[in-house]
Structure formats: structure tokens, C-alpha cells
Amino acid sequence: MLAEISVVPVGVGVSLSAYIARVADIIDKSGLDYRINPMGTVVEGSLDEVMQLVKECHGAVLKDAQRVIISAVMDERKDKPSPRLDKKVEAVEAKTGRPLRKGL
């Protein structure tokens with residue numbers, strides 16, 4: 001399963017980088033393959049792994065924020081084996097005939 005996760009603390013001011021760094025650290029330590037981008041992070045894992053990760057990120061941000069908004073878009077295919085994180089981008093690049101900008 002691929003999941004794009006965005007975690008937004010509410011009521012903590014304008015700068016959110018400290019909260020986002022906390023979430024990024026949790027994702028990095030999860031052992032799941034991921035790509036961070038300016039608006040969220042795409043992770044790859046089983047449904048249980050992804051949901052556990054979302055739960056951990058939620059709890060970490062809610063410790064210091066009064067409110068947290070989490071958006072998750074999930075994509076699971078039974079006909080394509082993992083890993084798919086890079087293969088989806090490669091498929092689009094093959095159709096455009098050139099490399100495209102990628103997240104980290």
C-alpha cells in the first residue's frame with residue numbers, strides 16, 4: 001500500500017517545522033520506505049503498518065497541540081507487487097520520455 005500522509009497541528013502558530021520534524025523522525029524510524037515532499041510524505045507498507053504509523057504521528061503532535069488534522073490518501077493494488085514507491089514515478093517518466101522532478 002502507498003499512503004500520502006499530511007499532519008497539520010492547529011493553534012500552535014505559523015511555523016510548523018518543529019512538529020513536521022517530529023513526524024518525519026517517527027516516519028524515518030518506522031523502517032517503512034518513504035519519500036518526503038513539501039506537502040506531506042508518501043510511505044509504503046501494509047495497511048496495518050501505515051495505520052500504526054498514522055496513529056503514532058497523531059499522538060506525537062497532539063502532545064503539544066490542541067488540535068491535529070491528518071489527511072491520508074491510500075492506494076493499494078493487488079495486481080502489482082511491492083515496492084511501488086518509485087515504480088509509479090518511473091511509469092509516468094517512461095510515458096513523458098524524460099525524467100521529472102522528484103521529492104527527496
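These figures come from a predicted structure and were not determined experimentally. Numbers for residues simply follow the sequence, beginning at 1.
Atom CG in L32 sits 10.5 Å away from atom CD in Q52 (nearest 0.5 Å). Note that CZ of R35 is 10.0 Å distant from CG of L2, once rounded to the nearest 0.5 Å. Atom CD1 of I20 sits about 7.0 Å away from atom OG of S6, to the nearest 0.5 Å. Expressed to the nearest 0.5 Å, how far CG of L53 lies from NZ of K55 amounts to 12.5 Å. In this structure, the separation between OG1 on T41 and CD1 on I5 is 7.0 Å, given to the nearest 0.5 Å. K63 contributes atom NZ, which lies 7.5 Å from atom CZ of R22 (distance to the nearest 0.5 angstrom).
In the hydrophobic clustering, where aliphatic and aromatic side chains (Ile, Leu, Val, Met, Phe, Trp, Tyr) are joined below 4.5 Å either directly or transitively, V73 stands alone.
Summarising the geometry of S30 relative to I27, their closest heavy-atom pair is OG-O, 2.6 Å, with the distance given to 0.1 Å. When every heavy atom of V7 is checked against every heavy atom of V61, the shortest pair comes out as CG1-CG2, 3.7 Å. When every heavy atom of V50 is checked against every heavy atom of V43, the shortest pair comes out as CG2-CG2, 4.2 Å.
Counting only distance, with no hydrogens or angles, the side chain of E44 and the backbone of R84 share a donor-acceptor pair below 3.5 Å.
In the hydrophobic clustering of ILVMFWY residues, with side-chain heavy atoms under 4.5 Å counting as a link, I26 and V42 come out apart. Linking Ile, Leu, Val, Met, Phe, Trp and Tyr whenever their side-chain heavy atoms come within less than 4.5 Å leaves L85 and I36 in two separate clusters.
Looking at M51 and M74, their side chains come closer than 4.5 Å, going by heavy atoms from C-beta outward.
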For this session: In sequence, state the C-alpha distance, the side-chain angles, and the governing distance for V89 and L100, and then conclude on side-chain contact (heavy atoms from CB on, under 4.5 Å).
Result: CA-CA 8 Å; V89 175; L100 301 170; 5.5 Å; no
For this session: Show the numbers, then the answer: is there a side-chain contact (heavy atoms from CB on, under 4.5 Å) between E4 and N37?
Result: CA-CA 10 Å; E4 182 174 39; N37 66 65; 3.4 Å; yes
For this session: Begin from the C-alpha positions of L16 and V8 and carry the test side-chain contact (heavy atoms from CB on, under 4.5 Å) through to its verdict.
Result: CA-CA 8 Å; L16 304 178; V8 180; 4.2 Å; yes
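R77 is linked by a salt bridge (Lys or Arg N to Asp or Glu O under 4.0 Å) to D79, counting only residues two or more places apart in sequence or in another chain.
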